[in-house]
Protein chains: 2
Amino acid sequence: MTDSAQLAFRALADPTRREIIRLLTQQDMSIAALTAHFDMTRAAVKKHLTVLREGGLIVVHPQGRERLNRLDPAGLEPVLDWLGLFDQFWDDRLDRLKSVVERSPE
Amino acid sequence: MTDSAQLAFRALADPTRREIIRLLTQQDMSIAALTAHFDMTRAAVKKHLTVLREGGLIVVHPQGRERLNRLDPAGLEPVLDWLGLFDQFWDDRLDRLKSVVERSPE
DNA sequence: ACCATGCGATACCAAAAGGTATCTAGTCAA
DNA sequence: TTGACTAGATACCTTTTGGTATCGCATGGT
């Protein structure tokens, strides 16, 4: 009963992992293919993939000697659910802020 | 130009900080008031509040000798924006998965 | 003026996270 | 079966993170 939202939020907290997610929205990819997009070793990418899998955000399905990593949208549900708890709150204030934010580029 | 989404995602990655957010949706609170809800020292809570402020999720406004922490919904925008990039993707597959997930409690 | 109180800042510690190097094990082609 | 390629596992290192303990600084009541 380890809070599944926790594992998902943790998985999303790293920029490399979010980039992996972005890449996987384009197509399923092997570790080697993903590693080509980063300046780090295959082992490091593997660790990120493990965290993503623990967070339920990807699934692996072996194909011959390759193991393709595929995005699993169901893993995002806990995150969306949590954020949804505050829909009312965010909406109320976001609406009021929108015009303000747009005209103050900071 | 430090990616603001990164700071926000990092702030959301800790369960204590998410609980703080939840508490702050009810009412603005001082550090002391927040600390009463956790089994940790005021200094630890203070650190979490710093991370939340860096993530743009809360703002502090002094009131006498108290400093009330207030939720800032604008800080969540980068997160919602990032998630929004995959709306199409999630939606497509979430719809297909919904019934499946509901009948497979795993 | 005093003293409680509410916070901020710092130094310090243990554990977790991100990374590399290296070794081992399957799978496919010749 | 040998060799090349793809990936998992482990040991190890460094940095970050979450936490405590402690000190000092304002603020407000008496």
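Lettering follows sequence order; numbering is per chain, from 1.
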Please classify D:dA11 as syn or anti, treating any glycosidic angle within 90° of 0 as syn.
anti

Which stems, defined as runs of 3 or more consecutive Watson-Crick or G-U wobble pairs with both pairing distances under 3.5 Å, involve DNA chain D?
C:1-3 with D:28-30, C:5-30 with D:1-26

Footprint string (nucleotides 16-24 of chain C, 5' to 3'): B base within contact, S backbone only, - free, heavy atoms under 4.0 Å
-SSBBB---

To the nearest Å, how far apart are B:Leu68 CG and C:dG8 P?
11 Å

To the nearest angstrom, the CG-C1' distance between A:Leu49 and D:dT6 comes to 14 Å

Without decimals, in angstroms, what is the distance between B:Ile31 CD1 and D:dT20 P?
14 Å

What is the distance, rounded to the nearest whole Å, between atom CD of A:Gln6 and atom C1' of D:dT17?
13 Å

Expected rows: protein N/O vs nucleotides 26-30 of chain D N/O, under 3.5 Å:
residue : atom : partner : partner atom : Å
D:dT27  : O2   : B:Arg65 : NH1          : 3.3

Are B:Leu24 and B:Leu52 co-members of a hydrophobic cluster defined by side-chain heavy atoms under 4.5 Å apart?
yes

Have A:Arg67 and A:His61 got a donor and an acceptor in their side chains that come within less than 3.5 Å?
no

For atom CD1 of B:Ile20 and atom P of D:dG18, their distance in whole Å:
11 Å

Does the A:Arg42 side chain pair with the main chain of A:Ala32, one donor and one acceptor, at a distance under 3.5 Å?
no

Quick one: does B:Val60's side chain get under 4.5 Å of B:Arg70's, heavy atoms only?
no

Can you measure B:Lys46 atom NZ to C:dT10 atom P for me and round it to whole angstrom units?
10 Å

In terms of hydrophobic clustering (I, L, V, M, F, W, Y; side-chain heavy atoms under 4.5 Å; direct or indirect links), are A:Ile20 and A:Val51 co-clustered?
no

Separation of C:dA29 P from A:Glu66 CD (nearest whole Å)
12 Å

Say whether, by atom type as modelled, one donor and one acceptor occur between the side chain of B:Arg17 and the main chain of B:Ala11 under 3.5 angstrom.
yes

Side-chain contact, heavy-atom cut-off 4.5 Å: B:Leu12 with B:Leu76?
yes

If you group Ile, Leu, Val, Met, Phe, Trp and Tyr by side-chain heavy-atom gaps below 4.5 Å, do B:Leu34 and B:Leu68 land in one group?
no

Within-4.5 Å side-chain heavy-atom neighbours: B:Lys46 and B:Thr35:
no

So B:Met29 and B:Asn69, do their side chains get closer than 4.5 Å, heavy atoms only?
no

Looking at side-chain heavy atoms only, is the closest gap between A:His48 and A:Phe38 below 4.5 Å?
no

OP1, OP2 of C:dG8 versus side-chain N and O of B:Arg67: anything below 4.0 Å?
yes

